[in-house]
Amino acid sequence: MITVKIIVSNPFQENTLVLSDATGECIIIDAGMYNAQENRALTQYIAEAKLRPVMAVNTHGHVDHMLGVNFVKQTYGIPFALDGRDNFLIESAPTHGAIYGFKVDAVPTVDRDLQGVPTLQFGETTLQIIETPGHTPGHICLYQPEQKLLVTGDTLFRESIGRTDLPGGDYSWIMRSILDKLMPLGDEVHFYPGHGQDSTIGHEALYNPFVTEVMGGEVNYDC
Ligand SMILES: [Zn+2]
């Protein structure tokens, strides 16, 4: 059974996620902490819950999702995993960050390339890696089928989708990713996005305007 902790981080209100299971091992997804207070919120939670971080993982390489990656790498001595197709975003984080007023001193080294890797493991948990290009070329979602738990990053939000006007973004790709790979996971699937409230696939099938616009009559309203 996975436990999810959300630490809302940085001026972009990005969701830094800690996923843990009964073994006490955890992974830190999209570490976006930007100040000492946000760093402390993370380390305090991990200490109080007696967790052992084993990996930093990113759904994608955008600067608001990686501001705290160096901190967790240094604090816990853990590797950083990312789909290599988003390496260019990590490398350009100091430049991109400056546009939004973020100061990025050091770019974290990517230790594990997740491109083409089917699963990710921690503790007794196996997460499926679902490639969902569109918001960025190397965007991935993470899925645990038994618990029907999904991490969607900036691909799918509650009643919205990630923007596609940034470098490497593509609207037709993000829609294909959502419609072909996320919606078929089923109405009961509970997801945690990179910004804002958690939701379910069933809720999005009914209320996400980007989804309903294209799904139209295909939606099954029996649920
Ligand atoms: Zn993003």
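When a ligand or atom number is given, it counts from 1 through the structure's own listing order. A quick note: this is a predicted structure, and the numbers were derived from the prediction, not measured.
- Residue pairs that meet the side chain to side chain donor-acceptor pair (under 3.5 Å) test with at least one member in residues 11-20, sequence neighbours left out, are S9-T16, E14-T16, E14-H65.
- A ring-centre distance under 6.0 Å is not found for H62 and H96.
- Using a 4.0 Å cut-off between a side-chain N of Lys or Arg and a carboxylate O of Asp or Glu, R85 and E131 qualify as a salt bridge.
- Residues in residues 168-179 take part in these side chain to side chain donor-acceptor pair (under 3.5 Å) pairs, two or more places apart or across chains: D170-S172, R176-D180.
- Evaluation of the salt bridge (charged side-chain N to carboxylate O under 4.0 Å, His left out) rule for K148 yields E188 as partners, not counting sequence neighbours.
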Item checked: Derivation of the salt bridge (charged side-chain N to carboxylate O under 4.0 Å, His left out) call for R163 and D154 -> CA-CA 8 Å; R163 56 193 285 190; D154 286 2; over 6 Å; no
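- With waters left out, the protein N, O or S atoms under 2.8 Å from the Zn ion (ligand 1) add up to 4.
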